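The structure presented is a predicted model; accordingly, all values stated were derived computationally and were not measured.
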2 protein chains.
Amino acid sequence: MPSRATVPAFRPLYRQIQDLIVQALADREWLPGEMIPSEMDLAARFEVSQGTVRRAIDELAAEHLLVRRQGKGTYVATHADPRAFFRFLRLIPDDGSVPRSRSEPLECQSLRAGQEVAKALAINHGDPVLQLRRILRFDGEPVVVDEIYLPADLFPNLTLDQLRASDRSLYTLFESLFGVRMVRAEEKIRAVAADAVAAQVLGIEPGTPLLSVERTAYTYGNRPAEWRRGLYATANHHYFNELG
Amino acid sequence: MPSRATVPAFRPLYRQIQDLIVQALADREWLPGEMIPSEMDLAARFEVSQGTVRRAIDELAAEHLLVRRQGKGTYVATHADPRAFFRFLRLIPDDGSVPRSRSEPLECQSLRAGQEVAKALAINHGDPVLQLRRILRFDGEPVVVDEIYLPADLFPNLTLDQLRASDRSLYTLFESLFGVRMVRAEEKIRAVAADAVAAQVLGIEPGTPLLSVERTAYTYGNRPAEWRRGLYATANHHYFNELG
DNA sequence: CAGTGGTCTAGACCACGTG
DNA sequence: ACGTGGTCTAGACCACTGA
């Protein structure tokens with residue numbers, strides 16, 4: 001008679017199947033964009049009923065790890081899907097238009113994690129990290145300047161040239177070059193005044209109010225794999241959020 | 001043979017049941033906090049299997065319209081539940097503490113909807129609305145000043161005294177006094193400089209960067225029932241958001 | 001047409017809360 | 001002990017896609 005009050009004494013089968021599928025994803029058994037085996041095949045493989053596999057996949061699809069397509073199959077989600085882009089960048093033009101966005105990398109250097117970065121990435125103070133700086137433009141107009149920190153071991157030999165050569169989103173690049181897929185993120189938002197550097201880069205007056213958006217992004221298994229601070233110009237754009 | 005290409009030609013049973021349950025909620029058949037009939041009872045009432053009712057309830061629980069409690073029953077969600085509070089107010093102290101929040105109503109007047117308010121509330125220009133102004137304090141410190149617009153027909157005879165008499169959240173008040181339950185909301189966030197009024201109310205310097213948070217809140221059936229603009233002081237607090 | 005996911009049912013059994 | 005929601009199964013049939 002166990003006396004563990006806090007630990008859920010019981011783990012449903014479909015959650016165990018869910019874990020096995022996530023493990024297979026983390027092990028790159030199926031790559032982003034690829035189709036995974038049918039529900040029947042997975043049921044046979046895990047020796048459970050199709051309904052149990054179905055429930056596991058349902059939850060993973062709700063978390064955007066998988067994508068169901070009726071009549072075709074179930075696919076590994078990918079940032080190459082344009083819908084994924086706006087799930088992570090919530091800045092949109094006030095007029096409702098859909099901008100052509102373009103990332104302009106400025107810098108990519110190796111350095112050691114400071115206190116703040118180490119804590120956010122759950123690594124040790126002094127561990128090697130990559131620092132990127134980049135501008136994001138909407139239809140040519142600079143709207144965001146980002147400072148991005150990555151744990152170096154997950155992104156071996158990432159160079160400024162690689163970043164410049166890509167016309168896709170950063171997360172798409174991380175996914176295809178390093179197999180690191182960002183699955184969810186948390187953001188802390190504040191209002192700050194533009195400093196001289198940000199003002200120059202964004203083409204605004206120093207002191208202009210900007211959104212400061214600090215983000216920690218997580219890959220499979222809730223492992224933090226990126227920390228960034230963005231400064232968003234909100235003269236003609238706004239951060240959109242849905243409260244469910 | 002219908003030729004509607006855009007309309008989903010097929011509406012699953014569980015969605016129809018879902019609609020019937022939402023209708024019953026909108027009709028106040030079961031009030032916030034009350035228990036609804038068991039799955040078996042509902043299955044008998046709608047003449048479907050228990051599994052179909054279950055699926056309908058699952059989705060409504062995911063949307064926070066209902067709350068399941070194993071071993072007890074299924075309940076109508078209510079803003080009286082403290083968890084609901086932080087679903088709609090995403091501002092939290094930087095130090096992670098849980099503040100004692102208190103709403104301080106300043107003003108409550110009837111007026112006519114201007115263009116912006118009318119559009120947000122999906123009513124006509126010139127229709128009667130209520131305007132509230134209030135300060136929100138965390139542990140006594142002013143952190144938010146809000147300007148709130150309500151369609152007058154949904155909130156008959158709301159007075160400043162009623163607002164002042166309550167120590168609960170606004171949405172809890174709306175729910176208990178008028179049976180209007182806010183179900184979801186959309187927010188547009190910008191960085192702005194504090195004007196003289198906001199600076200005075202929040203006890204900060206004019207020109208200090210603030211978050212401008214414009215919210216449209218919806219009740220059952222996606223009907224807009226509130227529009228507000230809040231100015232959030234983010235010196236010691238931040239807006240927290242989770243990107244799924 | 002075959003193969004995939006999507007719906008619906010019926011029944012057995014488990015976990016939880018309350019008497 | 002009872003009633004609630006939660007899990008798991010098996011099977012039938014529907015809807016969608018693409019060859």
Side-chain angles (χ1 to χ4, degrees), chain A residues 1-21 24-25 30 33-77 81, chain B residues 1-21 25 30 33-78 81:
Chain A
M1 102 189 185
S3 65
R4 25 189 177 168
T6 58
V7 177
F10 171 70
R11 187 156 189 76
L13 236 196
Y14 70 85
R15 283 215 183 283
Q16 304 177 37
I17 304 302
Q18 216 174 306
D19 293 344
L20 291 173
I21 295 174
L25 289 168
W30 313 300
E34 286 183 3
M35 189 174 113
I36 71 170
S38 75
E39 296 177 352
M40 279 306 197
D41 289 351
L42 290 172
R45 161 166 167 179
F46 298 129
E47 297 182 286
V48 297
S49 77
Q50 188 236 11
T52 300
V53 170
R54 181 168 190 75
R55 171 116 191 225
I57 291 178
D58 277 345
E59 302 218 347
L60 295 175
E63 294 168 23
H64 307 291
L65 291 179
L66 299 175
V67 177
R68 289 175 168 295
R69 291 186 209 154
Q70 189 174 21
K72 300 181 70 174
T74 301
Y75 295 76
V76 182
D81 182 335
Chain B
M1 104 190 186
S3 65
R4 26 190 175 165
T6 58
V7 177
F10 171 69
R11 188 155 189 77
L13 237 195
Y14 70 84
R15 283 216 183 283
Q16 304 177 38
I17 304 302
Q18 215 174 305
D19 293 345
L20 291 172
I21 295 175
L25 289 168
W30 313 300
E34 286 183 5
M35 189 172 109
I36 72 170
S38 75
E39 296 178 352
M40 279 306 198
D41 290 351
L42 289 172
R45 162 165 166 179
F46 298 128
E47 297 182 288
V48 297
S49 77
Q50 187 237 11
T52 299
V53 171
R54 180 167 191 75
R55 171 114 192 228
I57 291 178
D58 276 346
E59 302 217 349
L60 295 174
E63 293 169 23
H64 306 293
L65 292 185
L66 299 175
V67 177
R68 289 175 166 296
R69 291 184 209 156
Q70 188 174 21
K72 300 181 71 174
T74 300
Y75 295 77
V76 182
T78 167
D81 181 335

What nucleotide, of [options], holds the atom closest to the side chain of [X]?
X       : options              : answer
B:Ser49 : D:dC8, C:dT9, D:dA15 : C:dT9
A:Phe10 : C:dG6, D:dT7, D:dG5  : D:dT7
A:Glu39 : C:dA15, C:dG5, C:dC8 : C:dG5
B:Lys72 : C:dT4, C:dT18, D:dG6 : C:dT18
A:Val48 : C:dT7, D:dT9, C:dC8  : D:dT9

Rounded to the Å, how far apart are [X] [atom1] and [N] [atom2]?
X       : N      : atom1 : atom2 : answer
B:Met35 : D:dG3  : CE    : P     : 12 Å
A:Asp58 : D:dT7  : CG    : C1'   : 14 Å
B:Arg15 : C:dT7  : CZ    : C1'   : 12 Å
B:Gln50 : D:dG3  : CD    : C1'   : 12 Å
A:Leu42 : D:dT9  : CG    : P     : 14 Å
B:Leu13 : D:dC13 : CG    : P     : 17 Å
B:Glu47 : C:dC8  : CD    : P     : 15 Å
B:Arg11 : D:dC14 : CZ    : C1'   : 17 Å

Exercise for the section: Can you establish whether the number of heavy atoms outside B:Met40 located under 6.0 Å from its atom CE is more than 12? Expected result: no

Does the side chain of [X] get closer than 4.0 angstrom to OP1 or OP2 of [N] through an N or O atom?
X       : N     : value
B:Thr52 : C:dT9 : yes
B:Tyr14 : C:dT7 : yes
A:Arg55 : D:dC8 : no
B:Thr74 : D:dT4 : no
B:Arg54 : D:dG5 : no

Completion exercise
Correct closest heavy-atom pair for B:Gly33 and B:Tyr75 would be O-CD2, 3.6 Å

Practice task
Determine whether B:Met35 and B:Lys72 make a side-chain contact, defined as any pair of heavy atoms from C-beta on separated by less than 4.5 Å.
Solution key: no

Handout entry: Residue closer to the 5' end of DNA chain D, B:Asp41 versus A:Gly51 (nearest nucleotide)
Key =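 Its nucleotide being nearer the 5' end, the pick is B:Asp41.
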
Problem - Verdict with reasoning, B:Glu34 to B:Thr78, per side chain to side chain contact (heavy atoms under 4.5 Å, CB included) - result: CA-CA 9 Å; B:Glu34 286 183 5; B:Thr78 167; over 6 Å; no

Completion exercise
Here the gap from B:Ile21 atom CD1 to B:Arg45 atom CZ, rounded to the nearest 0.5 Å, amounts to 8.5 Å

